[in-house]
Every structure is written in structure tokens, then in C-alpha cells.
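I have placed the structure first, in the form of C-alpha cells, so that the comments after it can refer back to it.
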Amino acid sequence: MAHDTPQPHASAPQGPLTGSIAVPGDKSISHRALMFSALAVGTSRVTGLLEGEDVLATAAALRAMGATIVREDDGTWVIDGVGVGGLLQPETALDMGNSGTSTRLLMGLVASHPITATFIGDASLSGRPMGRVIAPLSTMGADITASPGGTLPLMVRGICPAVPITYTLPIASAQVKSAILLAGLNTPGITRVIEPVATRDHSERMLQGFGAHLSVEDSPEGKVIAITGEAELTPQDIVVPGDPSSAGFWLVAGSIVPGSDLIVRNVGLNPTRTGLITALQMMGADITELDPRTVGGEPVADLRVRHAPLTAITVPADLAPSMIDEYPVLFVAASYATGTTIARGAHELRVKESDRIATMATALTACGVVCREHDDGLEIDGSGGTAIPGGARVASKLDHRIAMSMTVAGLAAAAAITIDDIAPVATSYPAFFDSLAMLTDTRLTDTGLTNNEAQQPA
Ligand code: S3P
């Protein structure tokens with residue numbers, strides 16, 4: 001959704017973060033829960049869905065292609081699917097807002113249906129590369145016309161039947177993998193994706209849960225994921241676990257703000273997503289797992305984080321796929337550490353909602369942090385645990401994770417950091433500032449109460 005009026009926000013130190021909050025539903029899992037439910041025959045129910053703008057864009061697109069999607073008063077989402085092969089021709093362009101995941105996965109869905117769809121998005125999304133999905137989907141037979149540079153607006157003319165392919169991912173991307181698997185659902189025969197570097201596996205887990213014939217095998221070339229079409233999906237009841245990417249902001253905030261001691265509840269801990277926790281623990285962060293359990297087929301726990309002195313590390317490049325969305329907030333942690341953190345091997349950051357290497361280098365430099373930009377990452381000289389100067393106005397560049405990361409940076413800075421526009425936060429974490437207010441509300445903690453649990457889903 002385009003936000004016409006920028007919403008500036010000044011982030012200033014407010015004392016320790018204490019109490020407990022629950023993070024909202026996982027964005028990746030929420031998109032997939034809606035998409036697979038829309039392709040099942042019958043009624044699926046989803047609880048814990050992330051009600052952020054990105055996921056709502058997916059819901060709107062699926063409705064435009066025939067699925068019935070209703071939110072009940074208790075927050076349960078009820079989806080009546082059209083069945084694999086049953087998507088209808090949308091009457092107008094599908095507005096993907098800021099959401100790369102909606103765009104790339106839905107392009108895969110449309111590619112093997114006998115329909116044509118036009119995809120449009122905001123200025124950030126319209127600059128992002130779609131060639132990575134256009135190439136394999138075209139090989140399957142879809143006819144895709146894109147704007148110069150392989151960007152939005154673009155039109156996908158699906159083909160039915162599409163041709164099954166075996167495709168080795170040239171970049172580590174769960175979106176590309178998932179787009180091909182989604183196209184494979186309505187493609188007769190076996191569609192294979194070979195993944196040399198493991199990425200988040202929510203599509204594989206959930207498709208198996210919906211009854212698709214999907215196998216995952218190791219090979220010398222990497223993981224081979226094979227899906228047999230034309231699939232029939234059985235409706236499911238899905239509980240979406242909390243988003244570890246959203247939890248990341250509190251893990252870093254709790255680590256850098258002196259005196260903090262907080263609990264983040266309901267954090268999904270799928271091993272393909274936990275790179276930030278590993279990196280922070282290597283830096284000396286005090287993070288403990290409480291009450292480990294399984295939610296919706298995914299490992300989940302509550303995380304307790306206490307302020308701790310952080311030490312710079314060289315971030316292992318092989319952690320990149322499991323923390324790809326968490327680099328901006330890791331850069332904030334590095335800014336408060338002792339020593340020079342080197343985070344490289346993450347070239348993909350250049351093509352996220354913004355160029356996250358350049359955007360963070362510019363923002364941190366404006367706040368008095370010394371950092372050096374490389375094509376694939378940043379080197380950051382930490383403050384040694386003391387306040388960074390702050391006192392600057394920084395640009396979020398239509399990027400929710402930059403807005404939230406720089407808000408976290410301001411919580412321990414010497415002077416307030418003003419983010420020029422926090423409106424994009426609504427794409428993935430509409431309750432972010434409410435949760436921040438709860439964690440910094442001394443009226444609650446001074447009286448010995450933890451935060452108002454009633455306001456947060458369990
Ligand atoms: C996602 C995959 C990642 C991630 C994005 C969500 C997904 O993108 O950055 O926020 O849900 O599949 P890439 O596939 O481009 O790495």
C-alpha cells in the first residue's frame with residue numbers, strides 16, 4: 001500500500017526494556033498459509049496470521065483470483081480454496097504494495113494456470129529484480145512481459161499445462177524456490193528445484209502438511225526438492241508461529257540498552273531462520289530459550305534477553321541465508337560492540353526493500369558510527385558498549401526493517417535519531433511501536449507488573 005504522507009519518528013533513549021511481549025505471526029509462513037489454503041479444495045482456518053500490509057496484499061490478490069477469504073471476529077482467517085488449477089482470471093492488476101514475497105510466489109502460481117495477471121507495486125518493489133523468477137517460469141512455458149530491467153509492472157500469461165523443469169538455484173532464495181514449487185503444483189509430472197545453499201523451508205514443510213507429494217533429498221549438488229503435479233491439496237487448520245525476524249529487533253534492543261531484561265514470546269525457531277541468534281550469541285549476547293515447543297509444525301520458544309556487553313565478530317558468511325532479513329539490526333548491534341565487526345558475503349542485501357548495505361551505511365554514518373561499505377556487506381567499528389552519538393535524521397527508504405533497526409539504534413544513543421518515515425513498518429509489524437511502548441513503560445515495570453499480557457496474543 002503506498003503511503004502518501006511520510007511519518008517521521010524520533011527514537012530517543014528511554015531506559016531499560018523490561019516485561020514481556022509476543023511477536024506477531026511469521027510473515028513468510030502467513031503468505032504461504034493463505035496461498036496453499038486458497039489452492040486446497042475446501043475450508044482452511046488460519047490463526048496467528050500476520051495482519052501486516054504485505055500479507056493483506058497476498059489475501060487481496062487471492063480473492064481477486066477466486067478464493068474466499070474472511071477474517072472472523074476472533075482473528076481466525078477462514079479460506080475457501082478454489083483447488084489447484086482453479087484460479088480465476090483477475091479483473092484488475094494485482095497490487096503487491098511493498099511485498100517481494102507476494103509478487104514472486106504469486107507469479108509462480110499464475111505461471112501454470114490458464115490466466116493472465118498484471119503485477120504492480122510501490123516505488124521500492126518496482127525497482128526490485130524479478131528476472132530471477134522470470135527465467136525459470138519462462139522455461140516452464142509462461143509468457144512474461146516485464147518493465148526494463150525485469151521489474152514491475154509486469155504481466156504473466158500462464159500456460160496450462162506447463163512443462164516440469166529441474167532448476168538449480170543460481171542464488172540462495174526461498175522466494176525463487178517457492179515460486180517454482182508453486183508453479184509445479186499445477187504442472188503434470190515432477191518439478192525439481194536443486195538448492196546448493198539451504199534457505200527457509202516453510203514451503204516444503206507446509207506443502208507436505210497440505211498433502212502434496214513433495215520429497216526432499218540430499219545430493220552432492222545440494223538439496224533436491226521434488227513436487228509432483230497436478231497436486232490435490234487438503235484443507236488444513238494452521239497456527240502461524242511468531243516471526244523470528246520481528247523478534248530480532250527486541251533481541252538487539254535488549255542486548256544494547258543497559259539494564260534491559262525482557263521476554264519475547266512465541267518466537268519461531270526454524271533452523272533456517274535462526275542465524276541472528278547464533279551471531280548475537282557469538283558476540284556475547286545473553287539470550288536464553290524458555291519453554292521450547294512445536295507450533296504449526298515449527299519449533300517455537302520464548303526468548304529471554306538481558307543486556308550484555310557485545311564483542312565484535314566476523315559474521316560467518318554461511319549464516320547469511322538464515323539471517324538475511326536481520327542484517328540491518330545486526331549492524332546496529334555491531335555499532336554498540338567492542339571492536340570491528342565484519343559482515344560480508346551478503347550481496348543479496350543490495351536488492352531488498354532498499355539497498356540495505358548502502359541505506360544502513362548512510363544512516364549509521366550520520367549517527368556517528370564509523371563503518372566501511374563493501375559490495376557484499378559492512379565493516380563496523382563499534383562504540384565499545386557506550387552510547388553512539390545519534391542526533392541525526394536518517395532515511396528509511398520505504399524499508400520497514402531499516403525504520404525498525406534505526407529505531408532500535410536510537411534507544412541507546414546519546415541523542416535522538418529521527419527516522420524520516422516509519423509508515424513502512426506496517427508492512428510486517430503493525431504493533432512494533434505499541435510493543436516498544438510496553439517494553440519501556442516504567443509505570444508497568446515499577447509496580448512489579450510485567451506488560452499487559454491481555455493486549456497480546458498468547
Ligand atoms: C522470503 C525469502 C527471503 C526473505 C524475504 C522472505 C520468503 O527473500 O528476504 O523477506 O518468504 O520466502 P529471498 O528469497 O529473496 O532471499
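Each ligand, and each atom within it, is numbered from 1 in the order the structure gives.
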- Task: For residues H400 and F432, establish whether the separation of their ring centroids is below 6.0 Å.
- Result: no
- Task: Starting from atom 6 (C) of ligand 1, locate the nearest protein heavy atom and write down its residue, its atom name and how far away it is, to 0.1 Å.
- Result: T101 OG1, 3.4 Å
- Item | Sub-4.0 Å heavy-atom contact, K352 with ligand 1 | yes
- Is a side-chain N or O of S219 found less than 3.5 angstrom from the main chain of G222, in a donor-acceptor match? yes
- Any nitrogen or oxygen of R200, main chain or side chain, under 3.5 Å from a nitrogen or oxygen of ligand 1? no
- Is there a nitrogen or oxygen of D325 sitting under 3.5 Å from a nitrogen or oxygen of ligand 1? yes
- Query: What atoms of ligand 1 come within less than 4.0 Å of a heavy atom belonging to A174?
  - Reply: 12 (O), 14 (O)
- Under 4.0 Å from a heavy atom of S173: give me the atoms of ligand 1 that qualify, with their elements. 13 (P), 14 (O), 15 (O), 16 (O)
- State the CD-CD1 distance between Q7 and I419, to the nearest 0.5 angstrom. 11.5 Å
- Applying salt bridge (charged side-chain N to carboxylate O under 4.0 Å, His left out), which residue pairs with at least one partner in residues 177-203 are found, sequence neighbours left out? K177-E195, K177-E204, E195-K223, R200-D325, D201-R205
- Residue pair I277 / M323, side-chain heavy-atom distance below 4.5 Å: no
- Message: Which of the numbered atoms in ligand 1 are under 4.0 angstrom from any heavy atom belonging to I324?
- Response: 9 (O)
- Query: Name the one of V46, L49, I238, D243 that satisfies side chain to side chain contact (heavy atoms under 4.5 Å, CB included) with S30?
  - Reply: L49
- Do side-chain atoms of R293 reach the backbone of D291 as a donor and acceptor pair under 3.5 angstrom? yes
- Contact check: R32 vs ligand 1, nitrogen or oxygen atoms, below 3.5 angstrom: yes
- Within the structure, does S28 bring an N/O atom to less than 3.5 angstrom of an N/O atom in ligand 1? yes
- Message: Under 4.0 Å, heavy-atom basis, I'd like to know which part of H31 is in contact with ligand 1: side chain, backbone, both or neither.
- Response: neither
